[in-house]
Structures are given as structure tokens and as C-alpha cells.
Amino acid sequence: MDKIIIRGGRRLSGSIPVSGAKNSALTLLPCALLTEEPLTLRNLPRLADVDGFQHLLNQFGVSTSIAGTRPEDFGRVMTLQATRLTSTTAPYELVRKMRASILVLGPLLGRAGEATVSLPGGCAIGNRPIDLHLKALEAFGAQIELAAGYVRAVAPDGGLPGGTYTFPVVSVGATENALMAAVLAKGTCRLHNAAREPEIVDLCNLLVAMGGQIEGIGTSDLTIHGVNRLHGATYQVMPDRIEAGSYACAAAITGGEVELRGARMNEMDATVAALREAGVFVEDRPSGLFVAAQGPLRPVTLSTAPYPGFATDMQAQLMALLTRAEGTSVLTETIFENRYMHVPELTRMGARIETKGRTAIVHGVAGLNGAEVMATDLRASMSLVIAGLAAEGVTTVHRLYHLDRGYERLEEKFALLGADIERVGSD
Ligand code: EPU
């Protein structure tokens, strides 16, 4: 298995393009199931999770083709066409590998009136149930059955009658599944306390481009008037705000300055506020986000929260940055119960962090040291890379497949910024 070797201590500087957003791509791809016409997605990041989703969609009879982008380009253009669905079952082998596979449930139900999807089970960052996905679909009139590790959803008389659902907690995935089912409902569907992450807005914008009727886009109250059919579209995946935030932390911890081309500051308010509180200079420029270290890092206290709050997907990377702050930071993780896997690894690199339940207390240290580290999820892995870039000596990050799931050509981007980083195959 590949690993990344970082010789820390180099100041990052330069300009890199921000890739298409992973979590947007993973909800835009299943929209291909909603129409027999072609859907073309531009700026699709080259990621293992996107390849996995493509493979999953092929199982339902969706044809996929990738336009002639050059290997050196970031992003790809993919055209997907579900002229006829040949299956409405997502098997365990595929769903197990990629949790986001659950996002085929809503569109299959909307288009075919039925879907059978393996339950995804837990993952490294927590239990991650899908009860809210099912409750929202049920509220719209779906009949749901659970048997032998699978969920089967059926729309009576071939189409969902519609209804209203109020989420007890905000769920990105459940909001996405509900939206994709509702656009082809017979009646009107309403969602309250829906997620309003920029990726949800991206999904709504694509659905509207395909002929969907959605009111309240960007708010937590969505009204979806079902239509008989959707048509094809060409759509550009939004820039990855989490990738941009991750590189911003990397630049800041090395005392560097980077331009993140294409990043949209208005979708990153909470991250930008945290960086500024930490003493980092951040500027919105026409070309993207400019981030520069300025003087010592300051401690930060914050809690993760649904958008527009501070994203749980940025917690590990910010924590890596704050290991070097002058003072004590307090981070509280409110979204997932087990999202501190990076803490023991950062500690091995010389960080001083205590966790008490969902709170991590980070006592800033003067320096980090390189070490052999590994993490069991994507963002935790990125936090180790960030720490490694600032550490003295060599850091080896194992289990690279996590990073490959979510960061497009990470070592190339860091190398463009002047980092001493290489990918090697393990013995
Ligand atoms: N939840 C339930 N029941 C449900 C669904 C969610 O109790 O049916 C709970 C979860 O256990 C969690 C909270 O609600 O405590 C929020 O989970 P959410 O459904 O919003 O998460 P998700 O849709 O499974 C997406 C991203 C995650 C990101 C979260 C939160 C994708 C593919 N994944 O997951 O991204 O952390 O939203 O913003 O969009 C990552 O990119 O590293 C990543 C994990």
C-alpha cells in the first residue's frame, strides 16, 4: 500500500487550483439516475470515491464516459446516461466500500418507484445511521421495509404522493436523498430543518437545471413540487471548500502564503473566521482565496456545527494548525461521536492534546517532530499531513487510500507549493 513521506519545515508558497468538491460530486452523480437523458458533470475531481460511484451507477445500467481531459489536468468531464435502468438494487459489496452509495436510494425510488439498497453500517467516525433518510422518504409516502441487511423502499402506484418532514437533527445525506426522491414525486414534498450546506445548494441547482421545481434553495425549509420527468443537463461541480480550507491550514502552519484558485470565500465563512481568529491573514480575491501566515498563531475555541457553522470536516485540520498556537485552544465536535482519531497520532508528533468526551483541549507547543503515523479517516489523515509539513524531520503517513478518497492529487498540489513530499509504494 502506498504511503506519503514528508520532510517537514518548508514554507509553502504559490498558487494551486481548488478541485471540484467531493461531497458535491457524490450527490450530483446519482442525479443521472433521474433522467433518461445525458447528464454531463464538469470539474469532477479525480478521486477513488468518484470512481467507486461511477462503478456503482454502471451496475444500474448507467453508461458513463469521460471526455478527453489530459492526465496533467485537474478534474474531469463525465457524461452519464441512464436510458433504461437495468437494476434497482445496490449490493452490499459496493455500499460497504463507500458509505455515500446510500445516495442512490432517493433517485432510484423517484425514477423507478422502488429501490433496494444495502444498509451501509458504521464507519470509523461513528455509528452513522440512516434512519432520517428513511423517515423523510416515508413521510413522502414511501413504504419502507428492512430485511437481511437491506432497505427496500417502494412508492405506492409507482410515484410518491408527497408530504412534509421535519428533521430532528440536520443531516446532509438525508436531505440529499429526500430531495432526489421528491423532484419526481406526484405531489409536493416539504422539508423543514433541512441541511443547507453549499453542497446541498449545488444539488438543488443541478436539479433545477434538469427541470426540477424547488423553492427555498439555500434555506432550511425546502418545498419541492414534483414533476413528471426531468431532462439532461451540463453542470459544473462547485469548488471543494474543505480541500481549500485544508490547504489554508497547511499554508498557515508552515508560515507560508498560498493562493487557492477558484475557492469561494462566501461558502467558507466559518473556516475563514477561525483562521483569522488564529491570526492568519485571509483575503477574498477575484481569482480565489489568498491565505498568509502573519506572526505567531493564536488559540481558538469553537464547536463544529451544521452549515453555516464550523464544518466537522475541517475540525481535524484546524486542530493540526492549533497544535502550534501560542496558548490553549478548545475544540468541540458536535456532529460525530468518534472524530478524534488524529489526536493520538498528533500526540506522537509532539502535540499536547487532551480529549474529554466530545471536547479536545489543545495546548500549543513550540515544535512538532516527524513520526510514522496513520489515520482511519480522510480528514484525520489530512491533519497528519498538515502537521508533517510543519514538523522537524520525516513524517510517513500510512493508509494513503483515505487521502485518495478525498484529495485530488494531493502530493502534486503540495509539491507545487514547494513542499518536500513524495508518494512511495510500501515494501
Ligand atoms: N444522522 C442520523 N441519522 C441519519 C443520518 C444522519 O442520526 O439518518 C446523524 C449522523 O450520525 C451525524 C449527523 O446526523 O451525527 C450528521 O450526519 P449527516 O447525515 O449530515 O452526514 P452524512 O451525510 O453521512 C456528509 C458528508 C460528511 C460530512 C457530514 C457532515 C458526504 C458524502 N459526506 O455525511 O463528509 O462530515 O455530511 O457535514 O457528503 C468527509 O468528507 O470526510 C465526510 C465524512
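Positions are given from 1 along the sequence.
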Taking [X] for its side chain and [Y] for its backbone only, find out whether a donor-acceptor pair lies under 3.5 Å.
| X | Y | result |
| --- | --- | --- |
| Thr35 | Leu230 | yes |
| Asn177 | Gly106 | yes |
| Thr86 | Gly61 | yes |
| Lys135 | Thr166 | no |
| Ser381 | His402 | no |
| Arg285 | Phe290 | no |
| Arg324 | Ile253 | no |
| Glu243 | Ala21 | no |
| Lys413 | Tyr407 | no |
| Ser87 | Thr89 | yes |

Are [X] and [Y] linked by a side-chain donor-acceptor pair shorter than 3.5 Å?
| X | Y | result |
| --- | --- | --- |
| Glu199 | Ser24 | no |
| Ser15 | Arg261 | yes |
| Thr79 | Ser65 | no |
| Thr116 | Arg152 | yes |
| Thr312 | Glu333 | yes |
| Thr88 | Glu114 | yes |
| His342 | Gln315 | yes |
| His225 | Thr188 | yes |
| Glu259 | Ser287 | yes |
| Tyr235 | Asp202 | yes |

Nearest non-hydrogen partners of [X] and [Y], listed with the distance:
| X | Y | value |
| --- | --- | --- |
| Leu289 | Ala263 | CB-CB, 3.9 Å |
| Gly20 | Pro45 | O-CG, 3.2 Å |
| Phe310 | Met314 | CZ-CB, 3.5 Å |
| Glu176 | Asn23 | OE2-O, 4.3 Å |
| Met341 | Asn338 | SD-O, 3.1 Å |
| Leu275 | Leu321 | CD2-CD2, 3.8 Å |

Near [X] [atom1], under 6.0 Å, is it more than 12 heavy atoms from other residues, nucleotides or ligands?
| X | atom1 | value |
| --- | --- | --- |
| Met374 | CE | no |
| Asp131 | CG | yes |
| Asn266 | CG | yes |

Determine, step by step, whether Phe281 and Glu283 satisfy the side chain to side chain contact (heavy atoms under 4.5 Å, CB included) criterion, reporting the C-alpha distance in whole Å, the side-chain angles of both residues, the deciding distance to 0.1 Å, and the verdict.
-> CA-CA 7 Å; Phe281 178 78; Glu283 191 176 60; 3.8 Å; yes
Would you call Asp49 and Lys97 a salt bridge, taking side-chain N to carboxylate O under 4.0 Å as the test?
-> no
Pair Glu37 + Arg229, salt bridge at N-O below 4.0 Å = yes
Using the side chain to side chain donor-acceptor pair (under 3.5 Å) rule, take Gln317 and Ser246 through it: C-alpha gap first, then chi angles, then the decisive distance, then the call.
-> CA-CA 6 Å; Gln317 303 90 309; Ser246 304; 3.1 Å; yes
Going by heavy atoms in the side chains, are [X] and [Y] under 4.5 Å from each other?
| X | Y | value |
| --- | --- | --- |
| Met319 | Ser383 | no |
| Leu41 | Leu80 | yes |
| Gln81 | Val62 | no |
| Thr301 | Ser329 | no |
| Ile130 | Leu119 | yes |
| Leu44 | Leu29 | yes |
| Gln213 | Leu207 | no |
| Val77 | Asn43 | no |

Spatial distance of atom [atom1] ([X]) from atom [atom2] ([Y]) [nearest 0.5 Å]:
| X | Y | atom1 | atom2 | answer |
| --- | --- | --- | --- | --- |
| Asp240 | Arg264 | CG | CZ | 11.0 Å |
| Leu184 | Arg111 | CG | CZ | 8.5 Å |
| Leu389 | Cys249 | CG | SG | 11.5 Å |
| Asp2 | His398 | CG | NE2 | 12.0 Å |
| Leu28 | Met180 | CG | CE | 9.0 Å |
| Asn205 | Leu203 | CG | CG | 9.0 Å |

Applying side chain to side chain contact (heavy atoms under 4.5 Å, CB included) between Arg339 and each of Asp313, Thr334, Thr304, report the one that passes.
-> Asp313
Would you sort out whether Leu297 and Leu322 count as a side chain to side chain contact (heavy atoms under 4.5 Å, CB included), showing the intermediate values?
-> CA-CA 7 Å; Leu297 288 164; Leu322 296 175; 6.0 Å; no
In terms of ring plane angle, is the pair Phe414 and Tyr247 parallel, tilted or perpendicular, where the classes change at 30° and 60°?
-> tilted
Any residue meeting side chain to side chain donor-acceptor pair (under 3.5 Å) with Asn58, in chain and number order, not counting sequence neighbours = Thr64
Evaluate the criterion ring-ring contact (aromatic ring centres under 6.0 Å, His included) for residue pair Tyr92 and Tyr150; output intermediate values, then yes/no.
-> CA-CA 8 Å; Tyr92 177 65; Tyr150 279 78; 7.7 Å; no
Quick one: ring pair (Phe, Tyr, Trp, His ring centres under 6.0 Å) pairs with a partner in residues 161-189, sequence neighbours left out?
-> Tyr165-Phe167
Residue pair Ile5, Ile421: steps toward the side chain to side chain contact (heavy atoms under 4.5 Å, CB included) verdict | CA-CA 6 Å; Ile5 297 178; Ile421 182 167; over 6 Å; no
Is the NZ or CZ atom of Arg409 positioned over Phe74's six-membered ring, under 6.0 angstrom from the centre and within 45° of the axis?
-> yes
Is the Lys NZ or Arg CZ of Arg196 less than 6.0 Å from the centre of Tyr307's six-membered ring, within 45° of the axis?
-> no
